[in-house]
Amino acid sequence: MNQGRNVLVIGGNRYFGKRLVERLLAAGDRVTVVNRGSSPPPPGAAHLVADRDDEASLRAALGERTFDVVVDQVCYTPRQAETARRVFTGRTGRYVMTSTVEVYEYEDSIAPVREDAVDPLTVAVDPDLPWDDPAFLEAHYGEGKRQAEAVFAAAGPALPWTSVRVAHVLGGDDDFTGRLGHYADRIAAGEPIAVPAQNRPATYIHVEEIAGFLFWAAGQDFTGPVNAASHSTLSTEDLCAAVEAHLGGGRTVLRPVEVGQVSPFSFFRFYGMDNSRAVRLGYRFSPARQWLAQAVAETLGQPLGKDN
C-alpha cells in the first residue's frame, strides 16, 4: 500500500472531497488542498489559496511543488482542463479527474453503459463556448465534463490521467443538495411528487464509498475513464419507500408528467452505469440497497416526531 505520498487535491473542502482528504491523511499521505479560500481543508492538510481559472494565480500558489498524485474535484470545463494540463504536465505522476454519470446524458441504453460509450478521444472540444456563464454551465454540465475529459485524454502519456465517472451520490449529514429533503417534505405532507410518465432507474453510490473509490484510484496506475457506482439500480419508488420508512409515516403520491420539471432523482432516460471495469481492476463495490436506508437516515436525521 502506498503511503507517504505527496498528494494535491483541487477543491476537496466539502462532501466526498472532504472525506477523501481525511482518508489520505489517515493513510499517512502528505496532503495539500488548493481552493479559492472560501473554507479551510480538514485539519492536517496544507492549504494553498488560488483561483484555478487563473493560470498565473495557480502557478504562483504552487511554486516549484511537485506531486505524486493530483485529484481534481472541481474541473467542469475544457478551459479549466486546459489550464490544469499546462500547469501539471511534468509536475505529477498521476492526475485523477472527478467526472460524472452525466457524460452519458445522450446514451439512453436499457443496459448499463460502459466507459467506451463515451470515448474522450472522439469528443470535440470548444473552449470558446460561454463556459464562464453560470447558467450556460449548469445547462451543459455533462458536456463540460465530456470536453474536460477530452482535453486530458489528448495529453497522452505526458500526463497519466483517469476520469472517475461518479454515479449519483447519496448519504451524509452534510449533503448540501436538498434532493432527499424534497422527497421527505412531500411524503410527510402527502403532496404529489412529479416524475416522468416513463420513469427510469439510475445507479447510485454512497458518499463514503465514492471517497473510498477516489482514494483507491489515486493509488492505481490505470488510465482513461472508469465508472464508479454501487451494484444495481434504484428507482424513484425505491427512494420514496426508504424515505417513507425513515419518516415512520407519510404517503408517497407520484404524479406522472409527460413534459416539464420533475423531481430530483427521477429520469426520462436510463442512468445506469456498468461498473465492471473497476471491478476487474480490483475494486469491490457494495450493493446500493444495502446502504440506502443508512444514507436516508444520515441525510434526513431523526424521523419526524422523534427526539433529536
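Source: prediction; values computed, not measured. All values below come from the heavy atoms of this structure, side chains included, with hydrogens, waters and symmetry mates left out.
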Specify the closest pair of heavy atoms between [X] and [Y], including all atoms of both residues, with the distance to one decimal.
| X | Y | result |
| --- | --- | --- |
| Ala155 | Leu159 | CB-CB, 4.0 Å |
| Gly4 | Arg30 | O-NH1, 2.6 Å |
| Ala194 | Gln261 | CB-O, 3.9 Å |
| Phe267 | Asn199 | N-OD1, 3.0 Å |
| Ala153 | Pro120 | CB-CB, 3.7 Å |
| Glu115 | Asn227 | OE2-N, 2.7 Å |

* Only one of Ile205, Ile210, Thr299, Leu239 clears side chain to side chain contact (heavy atoms under 4.5 Å, CB included) with Leu170; which? ->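 Between Leu170 and the candidates, side chain to side chain contact (heavy atoms under 4.5 Å, CB included) is satisfied uniquely by Leu239.
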Is there a donor-acceptor contact under 3.5 Å from the side chain of [X] to the main chain of [Y]?
| X | Y | result |
| --- | --- | --- |
| Arg269 | Tyr106 | no |
| Arg79 | Leu129 | yes |
| Thr203 | Ala167 | no |
| His246 | Gly301 | yes |
| Glu55 | Val87 | no |
| Thr233 | Ala202 | no |
| Glu149 | Ser163 | no |
| Arg91 | Phe67 | no |

* Among all residues two or more places apart in sequence or in another chain, which pass the side-chain hydrogen bond (donor to acceptor under 3.5 Å, both in side chains) test with Arg251? ->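 Residues passing side-chain hydrogen bond (donor to acceptor under 3.5 Å, both in side chains) with Arg251: none at all.
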* Given Asn13 and His47, is the side-chain contact (heavy atoms from CB on, under 4.5 Å) satisfied, shown in steps? -> CA-CA 10 Å; Asn13 57 319; His47 189 199; over 6 Å; no
Please tell me whether [X] and [Y] are part of a single hydrophobic cluster in this structure, the criterion being side-chain heavy atoms less than 4.5 Å apart.
| X | Y | value |
| --- | --- | --- |
| Leu254 | Leu180 | yes |
| Tyr104 | Phe152 | no |
| Leu62 | Met97 | yes |
| Phe176 | Val166 | yes |
| Val69 | Phe88 | no |

Could you measure the distance from the [atom1] atom of [X] to the [atom2] atom of [Y]? Nearest 0.5 Å is fine.
| X | Y | atom1 | atom2 | answer |
| --- | --- | --- | --- | --- |
| Thr162 | Asp221 | OG1 | CG | 10.5 Å |
| Phe215 | Leu24 | CZ | CG | 6.0 Å |
| Asp174 | Tyr15 | CG | OH | 6.5 Å |
| Phe136 | Thr77 | CZ | OG1 | 10.5 Å |
| Gln294 | Leu292 | CD | CG | 10.0 Å |
| Asp185 | Leu247 | CG | CG | 9.0 Å |

Between [X] and [Y], is any pair of side-chain heavy atoms under 4.5 Å apart?
| X | Y | answer |
| --- | --- | --- |
| Val207 | Asp175 | no |
| Trp131 | Glu143 | yes |
| Gln147 | Val123 | yes |
| Leu8 | Arg65 | no |
| Phe268 | Val262 | yes |
| Phe270 | Pro201 | yes |
| Glu209 | Trp291 | yes |
| Arg179 | His182 | no |

* Asked: Between His168 and Tyr204, what is the ring plane arrangement, given parallel below 30°, perpendicular above 60°, and tilted in between?
  ->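 Answer is tilted, since the angle falls between 30° and 60°.
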* **Ring geometry between Trp216 and Phe213 (parallel below 30°, tilted from 30 to 60°, perpendicular above 60°)** =>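 Aromatic pair Phe213/Trp216 classed tilted.
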* Under 6.0 Å from the six-membered ring centre of Tyr76 and within 45° of its axis: does the NZ or CZ of Arg52 meet both? ->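 No, Arg52 does not sit over the ring of Tyr76.
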* Asked: Cation-pi between Arg94 and Phe222: NZ/CZ under 6.0 Å from ring centre and within 45° of the ring axis?
  ->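 Positive - Arg94 is close enough to the ring of Phe222 and near enough to its axis.
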* side-chain contact (heavy atoms from CB on, under 4.5 Å) between Asp238 and Phe265: does it pass, once the steps are laid out? -> CA-CA 11 Å; Asp238 293 327; Phe265 299 139; over 6 Å; no
* To do: Scan side-chain atoms only and decide if His206 and Ser230 contain a donor-acceptor pair under the 3.5 Å cut-off.
  =>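 The criterion, which ignores hydrogens and geometry beyond distance, is not satisfied for Ser230 and His206.
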* Regarding Tyr271 and Glu105, is there a side-chain donor-to-acceptor distance under 3.5 Å anywhere? ->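 Side chains of Tyr271 and Glu105: no pair found under 3.5 Å.
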* Worked verdict on Arg165 versus Val101 for side-chain contact (heavy atoms from CB on, under 4.5 Å) -> CA-CA 5 Å; Arg165 293 172 175 172; Val101 64; 6.0 Å; no
* Partner residues of Gln73 under the side-chain contact (heavy atoms from CB on, under 4.5 Å) criterion, sequence neighbours left out ->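 Counting only residues at least two positions away or on another chain, Gln73 forms a side-chain contact (heavy atoms from CB on, under 4.5 Å) with Val9, Phe16, Val71, Thr98, Leu214.
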So that I can tick it off, tell me whether [Y] and [X] are bridged by a salt bridge, with the cut-off set at under 4.0 angstrom between side-chain N and carboxylate O.
| X | Y | result |
| --- | --- | --- |
| Glu82 | Arg85 | no |
| Arg23 | Glu208 | yes |
| Arg36 | Asp53 | no |
| Arg114 | Asp274 | no |

* To do: Go through the steps for Val253 and Glu191 under the test side-chain contact (heavy atoms from CB on, under 4.5 Å), then give the verdict.
  => CA-CA 6 Å; Val253 180; Glu191 295 177 352; over 6 Å; no
